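These notes are about the structure you will find just below.
Only a predicted model underlies this, so the values are computations on that prediction, with no experimental measurement involved.
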Amino acid sequence: TISTSTIIFAQDNSVNNFSIRAKDTTGNWSQAQTISATISSAPVVINEVAWAGGKSNTGNDEWIELYNRTDEEVSLENFSLYSITDNSPNIKLSGTIPAKGFYLIERGSDESVSDVPADLVASFGYGLNNKGEELALNIASTTIDKTFLCAYNFNIRWPSCGSYGTLSNPQYKTMERKDVNTSGESGGNWAPNIYPAIIKNGKDSLGQNISGTPKQRNSVTYLIRDGSRTIGGDLILTREHS
């Protein structure tokens, strides 16, 4: 062949096996060379945001959790996480995130979640605005995930809109993602940690329980929880959401 390249269109979120072998002019074939490639336009997503901090220190006990959707370890060397709203925080990521694993970013020190080690301690600039911010996750200059921002008629604009109390009386619940395979720009894909929280872990800088799930599965991903979810029709049960 005189062709030097081939273009193949693969589906997003798919695993593909590519195999190639060569034949010489006398008809002899080489051994096949095969590789497997996972195709994902958003291998890592924003999974949980503790924008209100903890009850003991609301100014500093903030943290953000990422999730790796793929079956491979992902290097975060070219990743950044920033606020579209006011560019604070603006964080250059580093290290790796394990397959189907979590990456915890804590503000200022490793005491934001005192009993769970941070993967990265970073400055959050002015901190996460309690009124709401739109966060974006980038690979180089390409945005691969964003969070939703509610309309201006809400006191607190983090999704789920109006479910976190008020600015003067917040409930200090984290914002959890329901489905990592559904866009973060969908407001319905976010909800506060279950209240009363029966699925939660971690302690803040003063040892008080966090209403969230740092580096663990989100409480809102469970299909059947504390009796608050009504099943009104056919429901597909998956191992991921069991």
Would you call [X] and [Y] a side-chain contact if the rule is heavy atoms closer than 4.5 Å?
X	Y	answer
L81	I105	yes
L137	V44	yes
T147	M175	yes
V49	W63	no
I91	F124	yes
L66	L93	yes
W190	I46	yes

Side chains of [Y] and [X]: any donor to acceptor distance under 3.5 Å?
X	Y	result
T174	N193	no
N138	S80	no
D86	S83	yes
E176	T213	yes

Q) Do you reckon L120 sits in the same ILVMFWY cluster as I144, going by side-chain contacts under 4.5 Å, direct or chained? A)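 Shared cluster, yes.
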Q | Joint cluster assignment, V15 & I8, ILVMFWY side-chain distance < 4.5 Å | A |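 No, V15 does not connect to I8 through the hydrophobic network.
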**Q.** Pairs meeting criterion side-chain hydrogen bond (donor to acceptor under 3.5 Å, both in side chains) with involvement of residues 109-127, two or more places apart
**A.**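 Non-adjacent pairs meeting side-chain hydrogen bond (donor to acceptor under 3.5 Å, both in side chains): D119-K215.
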Q) Below 4.0 angstrom, N of the basic side chain to O of the carboxylate: do R69 and D145 qualify? A)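 No, no charged N to carboxylate O under 4.0 Å.
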Rounded at 0.5 Å granularity, tell me how far [atom1] in [X] sits from [atom2] in [Y].
X	Y	atom1	atom2	answer
R217	N47	CZ	CG	11.0 Å
T143	I84	OG1	CD1	6.0 Å
L135	I64	CG	CD1	5.5 Å
T34	R21	OG1	CZ	10.5 Å
N16	I35	CG	CD1	10.0 Å
K200	N209	NZ	CG	5.0 Å

[X] versus [Y], closest heavy-atom pair with distance:
X	Y	answer
G101	I97	O-CD1, 3.5 Å
P214	N201	O-ND2, 3.1 Å
N189	S183	ND2-O, 3.4 Å
S211	Y172	CB-O, 3.7 Å
V74	P43	CG2-CB, 4.4 Å
N218	E48	OD1-OE1, 3.3 Å

Are any side-chain N or O atoms of [X] and backbone N or O atoms of [Y], one a donor and one an acceptor, separated by less than 3.5 Å?
X	Y	answer
R177	T182	yes
T38	E72	no
E106	E62	no
R157	C150	yes
D61	S205	yes
W158	F148	no
Q208	K203	no

Q. Is there any salt bridge (charged side-chain N to carboxylate O under 4.0 Å, His left out) pair reaching into residues 125-135, and which pairs are they, with sequence neighbours excluded?
A.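 Counting only pairs at least two positions apart or across chains, the salt bridge (charged side-chain N to carboxylate O under 4.0 Å, His left out) contacts touching residues 125-135 are E134-K146.
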Q) Do any pairs count as a ring-ring contact (aromatic ring centres under 6.0 Å, His included) and have a residue in residues 71-99, sequence neighbours left out, and if so which ones? A)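 Pairs touching residues 71-99 that pass the test: none.
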Q | ring-ring contact (aromatic ring centres under 6.0 Å, His included) pairs, two or more places apart, involving residues 84-122 | A |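 Pairs touching residues 84-122 that pass the test: Y67-F102.
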Q: Using a cut-off of 6.0 Å, state whether more than 12 heavy atoms not belonging to E77 lie near its atom CD.
A: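 More than 12 within 6.0 Å, yes.
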Q) Does CD1 in I20 sit with more than 12 non-hydrogen atoms of other residues, nucleotides or ligands closer than 6.0 Å? A)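 No - once you tally the heavy atoms of other residues, nucleotides and ligands closer than 6.0 Å, there are 12 at most.
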Q. Which ILVMFWY residues are connected to F9, directly or by a chain of links, through side-chain heavy atoms under 4.5 Å apart?
A.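 Joined to F9, directly or through intermediates: I7.
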Q) How does the hydrophobic cluster around L149 look, that is, which other residues are in it when side-chain heavy atoms under 4.5 Å mark a link? A)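 Result for L149 is none, singleton.
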